[in-house]
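Structure, as structure tokens:
In this chain, residues are counted from 1 in sequence order.
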Amino acid sequence: MAFVRKCRLLGLCSRRLAHVARTKHQTASSLFTPDFVQQYHPWGVSARFSSSAHEYGFDSTIFALSSGHGKCGVAVVRVTGPHASSAVRLLTRRPVLPAVRRAALKRLYDSTGEPLDRGLVIWFPGPHSFTGEDSCEFHVHGGPSVVTSLLQALGNMEGLRPAEAGEFTKRAFQNGKLDLTEVEGLADLIHAETEAQRKQALRQMEGDLSRLYSDWSRRLLKCVANVEAYIDFSEDENIEAGVLDDVEREVCQLREELERHLSDGRRGERLRSGVQVAILGKPNVGKSSLLNAVCQRPAAIVTPVAGTTRDVVESAVNLGGYPVLLSDTAGLRETEDIVEQEGVRRARQRAQQADISVLVLDATDVMAAVSRQPGHYLTLQQYVQDHIPDLGLQGTTFDTNDGTTNPTDSYLIVVNKSDLVDAGGSLGTLLASSELATEGDGARDGDVCVMSCLTGEGMDGFLQLLQLKVKLMCGNPLAGNPSFTQARHRAHLTACLQALTSYAGMCERDLVLAAEELRTGLRHLGKITGKMGAEEILDVIFRDFCIGK
Ligand SMILES: Nc1nc2c(ncn2[C@@H]2O[C@H](COP(=O)(O)OP(=O)(O)OP(=O)(O)O)[C@@H](O)[C@H]2O)c(=O)[nH]1
Ligand SMILES: [K+]
Ligand SMILES: [Mg+2]
């Protein structure tokens, strides 16, 4: 029993350990080495054997200018680490520290005793600080000389050194103040450029995603503990019947929740990185004119020469609080010019990658096609479908005949140069039958906007429709469960789901191997938050089971 208990203490499965020992021709106890525990522990690292304090240089005290660089009204310099209190004492030349977490106006001195500036000093003793360590802030006047002398004075102190990029947050993570998703949320908040991005980032920073994953981890951990207790003790002790059925039910429930979370149309990722909108079409239909009109600056060259645009021209715009990355592309046509060929290749590549594609048509072309074949085109969408092969856009979101397109992608049709045609007549008839987009609509693909980049007519309608599509795609970042926001999250969630599926298929045949799948799933969840440790499995084991008595 001593061996089994030791396994439990280290969060290892004793059956498995015995099995490994047999195949390696060693005694089981000889495997209790840090390396082995690292390798076989569910999270790869046992708290007992980790040496993070040394790795991250926790014994050093770090400082940095936390406000922006350059002249400003007030600059904030932060210090964290065991010497933070002496930094306050030395700079203020006072033996007594200011009141805890209260701003105190103090004169600050350099190492020679000369006054540096007069500013606010705030003292945050650990663990109730951002990093969890003793920390302090100096709010001084933002002149370059004041800031430089303050940083110099700190650098001259024993045990202090300038912080590396992200080191304050790294310490907060290491001290359990933030988990990885919260760290990512904080970084996203700093980089957020639109309102919806800010809302999503703030939610993640405040731990919404972390709580969701921690809850799943806790439930899965309980399953692991149950299955392993069953493996270890079912023969000689009275483990309640039905333990495995409970696990199976819980794993099934978790799989459903993971599947639902994963099939959210990438809304969180799209909102975080910006919705990719590609402007596509034949040469000279007015794609670059459209880009310039939306971003209200001459970002792309516009000329009457067909084949003007070659490179992809990108412009970031804020559409009603949602971030959009708009790309103008080369006109799609067969050409002998190798430069233009490359441009067309890039344009088609964009069409494949885009979240939303805008197909621009020239109103005069549409009109000519309609009058050439009277009564043939009943809708504009039919006209577009006929021209997909000419444009080389097979397999993209426009190609509704192709079953392989991503159902979450979407497209809209712009009929430009409306100023050149009579809105009545054959074009008018065609558009009337094309289910013209109206306000509040936009959930459908293939919505049509008739407009003129030259006169500005129809521009507002186009912007409204595009905004609606972007909004539908990203959703309201504050509603419902939080969305995951990074490819890293998706990879671990997918791997976790796979592991749970393997468990379900395997538990009848080989419970020891199946249990391993649960641990794999748990490890992947733990990697998203970076938070789960050996202590947690021990807690569950000792709380739920009085094993070994
Ligand atoms: N009358 C009229 N002319 C327009 C309109 N929009 C664009 N044009 C003109 O059409 C020509 C081509 O415009 P661009 O914006 O360069 O067209 P493009 O699709 O980017 O062309 P490429 O880059 O060569 O593929 C220019 O002379 C524009 O001034 C419009 O709404 N009405
Ligand atoms: K052009
Ligand atoms: Mg162009």
Residue pair Leu412, Leu359: steps toward the side-chain contact (heavy atoms from CB on, under 4.5 Å) verdict: CA-CA 6 Å; Leu412 58 129; Leu359 184 66; over 6 Å; no
Do Asn416 and Leu290 have side chains that get closer than 4.5 Å, going by heavy atoms? no
Are any non-hydrogen side-chain atoms of Leu262 and Phe484 less than 4.5 angstrom apart? yes
Residues [X], [Y]: salt bridge by 4.0 Å N-O rule:
X      : Y      : result
Arg211 : Asp208 : yes
Arg255 : Glu259 : no
Lys469 : Asp355 : no
Arg490 : Glu269 : yes
Asp365 : Lys282 : yes

Using the rule given for salt bridge (Lys or Arg N to Asp or Glu O under 4.0 Å), can you reason through Glu193 versus Arg198, listing the C-alpha separation, both sets of side-chain angles and the distance that settles it, and then say yes or no? CA-CA 7 Å; Glu193 292 195 344; Arg198 168 172 57 74; over 6 Å; no
Going by atom types only, do [X] and [Y] share a side-chain donor-acceptor pair under 3.5 Å?
X      : Y      : answer
Gln200 : Gln204 : no
Thr131 : Thr80  : yes
Ser327 : Arg350 : yes
Asp337 : Thr335 : no

Just verifying a value: how many Å separate [X] [atom1] and [Y] [atom2], rounded to the nearest 0.5 Å?
X      : Y      : atom1 : atom2 : value
Ser483 : Arg267 : OG    : CZ    : 5.5 Å
Glu184 : Arg488 : CD    : CZ    : 4.0 Å
Gln352 : Leu393 : CD    : CG    : 8.5 Å
Glu133 : Phe124 : CD    : CZ    : 14.0 Å
Leu332 : Glu340 : CG    : CD    : 10.0 Å
Leu500 : His524 : CG    : NE2   : 10.5 Å

Determine, using ring centers only, whether Tyr213 and His261 are less than 6.0 Å apart.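 Here the rings of Tyr213 and His261 have centres that are less than 6.0 Å from each other.
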CA sep, side-chain torsions, deciding dist, call: Val277, Val275, side-chain contact (heavy atoms from CB on, under 4.5 Å): CA-CA 6 Å; Val277 178; Val275 177; 4.3 Å; yes
Taking it one step at a time, do Gln197 and Asp188 satisfy side-chain contact (heavy atoms from CB on, under 4.5 Å)? CA-CA 8 Å; Gln197 281 178 316; Asp188 288 351; over 6 Å; no
Cation-pi check, Arg78 to Phe168: give yes when NZ or CZ is under 6.0 Å from the six-membered ring centre and within 45° of the ring axis, no otherwise. yes
For Arg270 and Gly265, indicate whether the former's side chain and the latter's backbone hold a donor-acceptor pair under 3.5 Å. yes
